[in-house]
Amino acid sequence: MLYLIYTQKEQPDLSFLTSDSLQSFKTLFISIILEAFPFVLLGVLVSALLQMFVSEQTIRRLVPKNPVLGIGFACVMGIIFPLCECGMIPVIRRLMRKGMPVYVAVVFILAGPILNPVVYASTYMAFRSRPEIAYARMGLAFAAALIIGLIIYRFVRHNPLRLAAGVLPHRHEHHDHAHHDHAHHDDAQGHSHQQEEPQTSGRSGHSHAPLPGSPNRDRHAHGSLQPSRRDNHSHTHEHEHRHSGNRLFSLLGHASDEFFDMGKYLIFGAFLTALIQTAVARESLVSIGQGEVSSHLFMMGLAYVLSLCSTSDAFVASSFATTFSTGSLLTFLVFGPMLDIKSTLMLLSAFRAKFVLQLSALVLVVVLAVSLLYERIFLT
């Protein structure tokens with residue numbers, strides 16, 4: 001304003017700030033964020049709890065040895081371990097290095113972010129007037145993950161991880177084992193030394209074993225090695241209190257990190273969605289959204305770019321419910337959590353680039369095929 005006054009220019013027209021398009025943009029943008037916020041918060045809390053209290057050994061023990069049962073179990077593992085796709089890939093990478101088959105791991109990565117109670121609840125709430133979309137999303141995600149898992153089991157024979165499985169963990173386990181044996185050996189020596197102390201005085205004249213009846217015998221023999229019950233109880237209570245406090249801070253740290261990581265994608269997705277809805281003519285959106293294949297391809301591209309969390313993408317999809325076909329909405333809801341920019345980068349950090357490229361093409365083809373098939377059978 002001061003610059004305009006100084007240069008004696010007219011004040012620019014700011015009437016667009018009160019235009020109907022901007023008001024619609026702000027309303028849609030804020031509504032998407034507010035509707036998705038509780039489910040994002042719930043999702044990151046559950047993910048942090050599982051990260052802290054469920055070990056990798058527990059997940060590995062639950063996986064069946066039979067390939068078909070293993071794939072089926074991986075499809076529904078998200079019901080037991082509802083992790084978001086961001087926290088899932090690092091866990092799966094560690095499990096694969098400990099021996100989890102690649103087809104089970106990939107199916108868990110693809111199906112876990114969709115087939116869990118938090119995502120089902122958010123989808124049901126986003127499509128309250130059309131609950132069949134929530135059921136169809138679960139069914140299509142299960143079918144797509146099952147098909148992909150069977151294909152990987154049949155054709156992928158090599159280890160796709162960047163680091164050969166078992167190399168690094170084997171070194172750590174060997175080191176830990178040796179350290180444990182060394183500590184155990186030291187404890188045994190200390191115990192032997194305590195019981196077999198010489199009865200004669202040493203060179204310094206200090207007696208290691210006081211005479212019977214000496215009031216200092218018990219204190220000397222046991223004082224430094226066996227603390228009193230009160231001291232032991234105090235130490236144990238302090239250790240448990242400190243340990244529980246550390247776990248609480250770690251839990252809150254995991255939850256806050258994941259929440260802020262997911263929050264920026266939610267804000268970007270809500271912004272881009274609101275911009276498309278208000279800037280693109282409705283007639284153009286309808287022409288794309290009702291196309292037999294174009295609608296699916298557009299929604300797959302949108303899901304890949306937005307990189308939304310699976311707990312919030314249903315609210316973005318519901319904003320397109322009046323312009324896009326139901327089949328294309330389901331494509332968006334199934335394809336997005338399985339593959340987007342964010343998950344592609346994380347997959348590249350864990351797997352070889354060739355495998356990620358093959359998996360991406362497989363996900364694209366299978367999801368598109370099952371969505372078109374579902375639309376042809378149930379929606380026509």
Side-chain angles (χ1 to χ4, degrees), residues 32-33 35-36 39-40 43 47 78 82-89 106-116 118-127 133-134 136-145 148 258 261-274 276-277 288-289 294-321 323-347 356 359-372 374-375:
I32 292 174
I33 292 178
E35 287 181 327
F39 294 97
V40 174
S47 177
L83 290 170
C84 183
E85 60 266 27
C86 298
M88 188 173 296
I89 294 177
V106 169
V107 170
F108 187 28
I109 291 174
L110 298 179
I114 305 175
L115 298 175
N116 68 68
V118 179
V119 174
Y120 173 79
S122 66
T123 308
Y124 189 88
M125 290 298 296
F127 294 93
I133 293 182
R137 183 185 192 183
M138 302 295 116
L140 290 180
F142 182 88
I148 294 171
E258 192 167 348
D261 184 56
M262 291 294 95
K264 61 177 179 285
Y265 291 104
L266 174 61
I267 293 174
F268 172 71
F271 175 84
L272 190 57
T273 300
I276 292 174
Q277 293 277 29
I288 298 174
S294 62
S295 60
H296 294 266
L297 295 177
F298 178 86
M299 294 304 283
M300 293 174 82
L302 184 63
Y304 187 84
V305 172
L306 293 182
S307 298
L308 294 171
C309 181
S310 56
T311 57
S312 58
D313 58 357
F315 297 97
V316 172
S318 64
S319 64
F320 291 96
T323 52
F324 278 74
S325 63
T326 302
S328 62
L329 297 179
L330 289 171
T331 302
F332 177 89
L333 295 173
V334 175
F335 180 79
M338 290 187 176
L339 189 67
D340 54 29
I341 294 177
K342 173 173 76 302
S343 62
T344 301
L345 295 177
M346 297 189 71
L347 285 171
V356 174
L359 180 62
S360 301
L362 188 61
V363 170
L364 191 151
V365 172
V366 172
V367 172
L368 181 61
V370 296
S371 299
L372 291 173
Y374 176 85
E375 190 174 42

F332 vs L306 side-chain heavy atoms within contact, under 4.5 Å: yes
One should read off an interatomic distance between D313 CG and T123 OG1, to the nearest 0.5 angstrom, of 6.5 Å
**Message:** Quick check: do L302 and I276 have side-chain heavy atoms less than 4.5 Å from each other?
**Reply:** yes
Correct closest heavy-atom pair for A126 and S318 would be O-CB, 3.6 Å
In terms of heavy-atom contacts, S307 and I341 come closest through OG-N, 3.3 Å
Taken to the nearest 0.5 Å, the spacing of F335 CZ from L297 CG works out to 10.0 Å
_Can a donor-acceptor pair be found, under 3.5 Å and without considering hydrogens, that links the side chain of S371 to the backbone of L368?_
no
CD1 (I267) and CD1 (I32) are apart, to the nearest 0.5 Å, by 12.0 Å
Closest heavy-atom pair, P113 versus V119, reported as atoms and distance to 0.1 Å, is O-CG2, 3.1 Å
Nearest heavy-atom contact between S122 and F315 is O-CZ, 3.8 Å
*Side-chain contact test, heavy atoms from C-beta onward, threshold under 4.5 Å: evaluate it for L333 versus I133 and give yes or no.*
yes
Open item on the list: Measuring only between side-chain heavy atoms, which start at C-beta, is L330 closer than 4.5 Å to E375?
Closed with: no
Just so I know, are the side chains of R137 and Y120 near enough to count as touching, which here means a heavy-atom distance under 4.5 Å? no
G289 and F324 have their tightest heavy-atom pair at CA-CD2, 3.2 Å
Side-chain (T331) to main-chain (H296) donor-acceptor, under 3.5 angstrom: no
Evaluate side chain to side chain contact (heavy atoms under 4.5 Å, CB included) for L359 paired with I148, printing each intermediate quantity in order. CA-CA 9 Å; L359 180 62; I148 294 171; 4.2 Å; yes
Note: A136 and Y374 closest approach over all heavy atoms is CB-OH, 3.4 Å
Value for CG (L347) from CG (L339), rounded to nearest 0.5 Å, stands at 7.5 Å
Subject >> Pair D340-S343, side-chain donor/acceptor within less than 3.5 Å >> reply: yes
